[in-house]
Amino acid sequence: CGIFGAYSPMGKKVLEDVYLGLYALQHRGQEAAGVAWVNPQGRISSIKGSGLVHLALNQAELAAVETSCAIGHVRYSTAGGSELANAQPLTASTSKTSLAVAHNGNLTNAGGIKLFLENRGAIFHSATDTEVILHLMAHQPHKESLDALLDSLTRLRGAYSLAMVIGQDLVAARDPWGFRPLVIGKRDDVFYVSSETCALNLVGASVVREVEPGEVVIFGRKGMDSIPIPVDVKRRYGCAFEFVYFARPDSVISGRSVYEVRKELGRKLADRAPCPEAHLATGMPDSGTIAALGYAEKSATPYEQTVVRNRYVGRTFIEPTQRVRELGVRIKLNPITEVLSGKNVVVVDDSIVRGTTCQRMISMIKACGASQVHVRISSPPVRFPCYYGIDTPTRVELAAARMNLRQLEREVGADSLSYITEEDLIEAIGLPCGEVCTACFSGQYMEGGEDNEPEL
Ligand code: 5GP
Ligand code: SF4
Ligand code: MG
């Protein structure tokens, strides 16, 4: 998912900026979009809709709304189905205040908390893990809202980057492990929070800094304030997959350019798995193209675009059904016979999940007359599901968990198939290895994370 928030202490209208921010975060979720804001009565209003931002929301309508405090969300379902009831922001009012929350990530102990609260009379309206945050807050009516929030956050395990409206304030929070990105921006008097820096660029804001793992940041009348979440953690778990695939390449996460990391992943791949017989290197559009550039550069293989992508079709993986997913590849991609015919081709992609994309691409490329197709993957094999907000399927559906490398090579029809290692991945990301999550590659989940699967 993607989240965005804006706050102007001078009373400027901010809802159009939230719309635009969501537009730049569209790649993080295409299932639904929504916004929530403080209305002139000091309460919270919200609008949500299905599908892409421009279909779910009306820009002109939002631009006219008088509000200086607003948040938004683009949804891609990890917990809960794709019904509109599960779309965000979620809103609630307690005896003390009104609340709205937009969540990116996935809580690993939501099931347990939900059971606990239901035994005490709570009635849940959605199937999302996010709703437990609101209920936890509502169950502490004697406390001030921020205290209730802090107390609630200390009970959560797993991944949460949050943009919230609490009363009249914008509040951002990031889990102590730092799974999902969250960054603060500013333009004139207006503060922004965003999943990625690319959305700050779009609204003309400069990057102030990241919300730190384990930090709550409050934007209110008196400016910006920060409170730590009192949870001790042994290490951080910044998601490696954001760099590999999920984030936009024009974003910067933890001070590292996503573009640069992807290119470096490609260079590492060239060292790890050279292919001297190749005539050309190409990337699977769009996710493999930057790593392919790095591969071509490092191995001195000519880079060619060999497949054209219909840019008006959404990402195949994210559309929910297997049927749509399978059709998606054909709807989306068309290989260029004139470039491929008679050639030995290195095809670089960012990852293999179910293996569908790879298999289809190879058969399309071979049907164009390519002599050999060598597949190079710019991440280690994905063998484990993610419980922290990336929608990987269960173990039995993961191609690299079901098969060894040679079997997978045969299954997808490649003349050769190679991956980078986990060490290559960590080196390319360039952050200390104790700060990066690689659980979907290694199976090493955060403490307690492996036996706390959310019910998907
Ligand atoms: P597959 O076809 O093997 O199931 O999926 C792999 C392809 O899906 C890759 O080209 C990758 O770029 C793309 N992809 C899209 N969304 C995701 C995601 O959330 N996780 C992963 N691992 N790959 C994704
Ligand atoms: Fe990211 Fe994989 Fe960790 Fe999930 S398990 S947070 S996708 S690195
Ligand atoms: Mg792809």
Side-chain angles (χ1 to χ4, degrees), residues 1 3 5 7 34-39 41-46 48 69-73 75 79-80 85-177 179-180 182 193 211 213-220 225-231 389 454:
C1 303
I3 60 175
Y7 179 86
V35 291
W37 66 92
V38 179
N39 64 30
Q41 290 74 46
R43 307 196 72 87
I44 290 173
S45 299
S46 78
K48 296 180 250 189
C69 180
I71 60 171
H73 186 264
R75 173 169 175 81
N86 295 325
Q88 298 190 23
L90 298 180
T91 55
S93 27
T94 68
S95 53
K96 280 257 167 38
T97 189
S98 323
L99 305 170
V101 60
H103 173 197
N104 173 212
N106 208 90
L107 307 176
T108 51
N109 64 341
I113 297 177
K114 198 170 166 182
L115 210 63
F116 172 88
L117 292 169
E118 280 175 341
N119 285 335
R120 276 155 191 77
I123 295 166
F124 282 79
H125 300 286
S126 76
T128 70
D129 55 331
T130 308
E131 201 180 342
V132 305
I133 301 170
L134 294 178
H135 279 282
L136 279 172
M137 288 183 72
H139 271 70
Q140 309 177 67
H142 50 288
K143 285 192 184 160
E144 286 307 320
S145 319
L146 271 181
D147 294 332
L149 174 66
L150 276 176
D151 182 278
S152 306
L153 297 183
T154 60
R155 292 166 199 271
L156 305 180
R157 295 291 173 271
Y160 58 87
S161 281
L162 305 175
M164 302 181 75
V165 177
I166 301 183
Q168 316 290 307
D169 296 342
L170 172 68
V171 177
R174 192 166 170 213
D175 67 70
W177 302 275
F179 281 102
R180 301 279 144 236
L182 190 61
V193 294
V211 176
E215 185 186 26
V216 174
V217 183
I218 305 104
F219 304 91
D225 205 0
S226 162
I227 315 175
I229 303 168
V231 172

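Since the model is a prediction, treat every value here as computed from it, not as a measurement. Atoms considered below: every heavy atom in the structure, side chains included; atoms not considered: hydrogens, waters and symmetry mates. Count residues from 1 along the sequence.
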What's the shortest heavy-atom distance between Ser45 and Asn39, and which atoms?
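Result for this residue pair: OG-ND2, 3.0 Å.
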If you take all heavy atoms of Thr97 and Ser145, which pair is closest and at what distance?
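Shortest heavy-atom contact: CG2-OG, 3.3 Å.
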Please round to the nearest 0.5 Å and tell me the distance separating atom CD1 of Ile44 and atom OG of Ser93.
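One finds 8.0 Å between CD1 of Ile44 and OG of Ser93.
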Separation between CD1 of Ile133 and CG of Leu99, rounded to the nearest 0.5 Å
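Those atoms lie 11.0 Å apart.
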Side-chain (His73) to main-chain (His103) donor-acceptor, under 3.5 angstrom
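Yes, because the side chain of His73 sits within donor-acceptor range (under 3.5 Å) of the backbone of His103.
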Any side-chain heavy atom of Val101 within less than 4.5 Å of one from Ile166?
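The answer is no, as the side chains (C-beta and beyond) never meet within the 4.5 Å cut-off.
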With side chains defined as the heavy atoms from C-beta onward, is the minimum distance between Val132 and Leu156 less than 4.5 Å?
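Val132 reaches Leu156 side chain to side chain.
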Can you list the residues that meet the ring-ring contact (aromatic ring centres under 6.0 Å, His included) rule with Tyr160, with sequence neighbours excluded?
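With sequence neighbours excluded, Tyr160 shows a ring-ring contact (aromatic ring centres under 6.0 Å, His included) to no residue whatsoever.
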Tell me every residue that passes ring-ring contact (aromatic ring centres under 6.0 Å, His included) with Phe116, counting only those two or more places apart in sequence or in another chain.
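ring-ring contact (aromatic ring centres under 6.0 Å, His included) list for Phe116, sorted by chain: empty.
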Walk me through it: do Asn104 and Ser161 pass the test side chain to side chain donor-acceptor pair (under 3.5 Å)?
CA-CA 5 Å; Asn104 173 212; Ser161 281; 5.2 Å; no
With a 6.0 Å cut-off (strictly less than), is the heavy-atom count around CD of Glu118, excluding the residue itself, greater than 12?
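Result for CD/Glu118: enclosed.
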List for me each residue that meets side-chain hydrogen bond (donor to acceptor under 3.5 Å, both in side chains) alongside Arg43, sequence neighbours excluded, and say none if there are none.
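With sequence neighbours excluded, Arg43 shows a side-chain hydrogen bond (donor to acceptor under 3.5 Å, both in side chains) to no residue whatsoever.
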